[in-house]
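In what follows, a single structure is set out as structure tokens and then discussed.
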Protein chains: 2
Amino acid sequence: MRPTARKIASVLTQKGYKLTAQRRAVIDVVVSSSEHLAPAALYERVRRTHPAIGLVTVYRTLEMLSELGLICRVHRGGKSRSYTLALLGHHHHLVCSRCGTVADFTGCDLEELQQRLSQDTGFKIEGHLLQFVGDCRNCQGVT
Amino acid sequence: MRPTARKIASVLTQKGYKLTAQRRAVIDVVVSSSEHLAPAALYERVRRTHPAIGLVTVYRTLEMLSELGLICRVHRGGKSRSYTLALLGHHHHLVCSRCGTVADFTGCDLEELQQRLSQDTGFKIEGHLLQFVGDCRNCQGVT
DNA sequence: CTGGTAAATGAAAATCCTTTTCAGTTAGAT
DNA sequence: ATCTAACTGAAAAGGATTTTCATTTACCAG
Ligand SMILES: [Zn+2]
Ligand SMILES: [Zn+2]
Ligand SMILES: [Zn+2]
Ligand SMILES: [Zn+2]
């Protein structure tokens, strides 16, 4: 089930972060939107209700939420990052290379491979990055 | 076995690319180094033997070699990209989050998952991005 | 309720990495 | 040797993110 803004706010205070109006505003937007949003896009939305907020603060808040595991990040090569609520627990993304639409999926099932690599290389593996790239239904057939 | 500079050069001419001194220089550096190099680092090395080369040309050459599948790219979050000789065919990377060391591995075995996702989402999947992140043997235990 | 204080903010500047532009150069075909 | 499209490099533009620093604010203690 979707975390509420309230729930997220309480995590912040528990961790010793201050609960500012700006952070609330960012959290509200994240919670109420289903898309993955780039910092700039999120900034635009937040400004509707909180016109004085700075883009820097949006960056900082996203960074913080991401470190707390409350939002997750989509990696897009050189292009800008984007974030969405981490509602699924551990999951990954399928990204449309044309329009940028993101679909989530769970069940990456990489533990076995991770084991093998750990043994073969001596790396202490801490995480993985998995993403599929392709054309979404809408973008197929479009030149 | 490692592709030679000569072999790579011949691929270029076969594909209709001109074989310039600059491209030769970039290829030589790529072939003779085992690390994954960022464009800027590669530029520095190339300059030792070819001081007049421009960073832009390094970027362009790397892009070209990458598209031909002759070198492969490591993805590093927001940070700069980096490349190394593509000796393994289809493979992925294990990246040390501290020093940046990269180990290659093959056998990602994602076809089944890819099938499933394709059916579930309607995406026409064209590729995947897989990378493990951790601490390499050397960096473990270092604060 | 007051402070007091460390944390947080925002504007601007600074960094970085990468791409674009464009005028001049050159590889390689004829 | 000539020709031309491909290639090059300097500089500028672009874009995203980070740093800096003076100002403001949340929240704990009193
Ligand atoms: Zn699409
Ligand atoms: Zn996973
Ligand atoms: Zn590789
Ligand atoms: Zn390391």
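Every heavy atom of this structure was used, including side-chain atoms; hydrogens, water molecules and symmetry mates were not. All chains are named by letter (A, B, ...) in the order of the sequence lines, taking the proteins before the strands, and each is independently numbered beginning at 1.
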Q. Looking only at heavy atoms, what is the nearest atom pair of B/G54 and B/Y43, with distance?
A. C-CE1, 3.7 Å
Q. When the distance from NE2 of A/H50 to C1' of C/dA8 is rounded to whole Å, what number comes out?
A. 12 Å
Q: Name the nucleic acid region contacted by A/A52, choosing base, sugar-phosphate or nothing; use a 4.0 angstrom heavy-atom cut-off, strictly under.
A: sugar-phosphate
Q) Can you give one letter per nucleotide of nucleotides 20-30 of chain D, 5' to 3': B if a protein heavy atom sits under 4.0 Å from the base, S if only from the sugar-phosphate, - if neither? A) B----BBS---
Q | Electrostatic pair A/R45-A/E35, nearest N-O below 4.0 angstrom | A | yes
Q.
Between C1' on C/dT18 and OH on B/Y83, what's the gap in Å once rounded to a whole number?
A. 10 Å
Q) For the pair made of NZ in A/K15 and C1' in C/dA6, what is the distance, rounded to whole Å? A) 20 Å
Q.
Please find the pair of heavy atoms, one from A/A41 and one from A/L37, that lie closest to each other, and give the distance.
A. CB-CD2, 4.2 Å
Q.
Between C1' on C/dA27 and CE on B/M64, what's the gap in Å once rounded to a whole number?
A. 14 Å
Q) Are the side chain of B/R47 and the backbone N or O of B/A52 linked by a donor-acceptor pair below 3.5 Å? A) no
(Q) In this structure, how many angstroms lie between the C1' atom of C/dT18 and the CZ atom of B/R73, rounded? (A) 10 Å
(Q) What's the angle between the local helix axes at either end of the helix from C/dC1-D/dG30 to C/dT30-D/dA1, using five pairs per end and rounding to 10 degrees? (A) 30°
Q: Starting from P on D/dG14, measure out to OH on B/Y59 and report it in whole angstrom.
A: 18 Å
Q: Scan side-chain atoms only and decide if B/D104 and B/H92 contain a donor-acceptor pair under the 3.5 Å cut-off.
A: no
Q: Salt-bridge test for A/R60 and A/E63: reply yes if a basic N is under 4.0 Å from a carboxylate O, no otherwise.
A: no
Q: Using atom OH of A/Y43 as one end and atom P of D/dG15 as the other, report the distance to the nearest whole Å.
A: 17 Å
(Q) Suppose we screen for side-chain contact (heavy atoms from CB on, under 4.5 Å). Which residues come up paired with A/R2, at least two apart in sequence or across chains? (A) A/L85, A/L87
Q | Derivation and outcome, side-chain contact (heavy atoms from CB on, under 4.5 Å), residues A/F132 and B/L117 | A | CA-CA 9 Å; A/F132 288 90; B/L117 293 176; 3.5 Å; yes
(Q) From C-beta outward on A/R23, which listed nucleotide comes closest to its side chain: C/dA8, D/dT18, C/dC17? (A) C/dA8
Q) Side chain of B/S118, backbone of B/F123: donor and acceptor closer than 3.5 Å? A) yes
Q. Taking CG from B/L55 and P from C/dT20, how many angstroms apart are they, rounded to a whole number?
A. 15 Å
**Q.** OP1 or OP2 of C/dC17 under 4.0 Å from side-chain N/O of B/R81
**A.** no
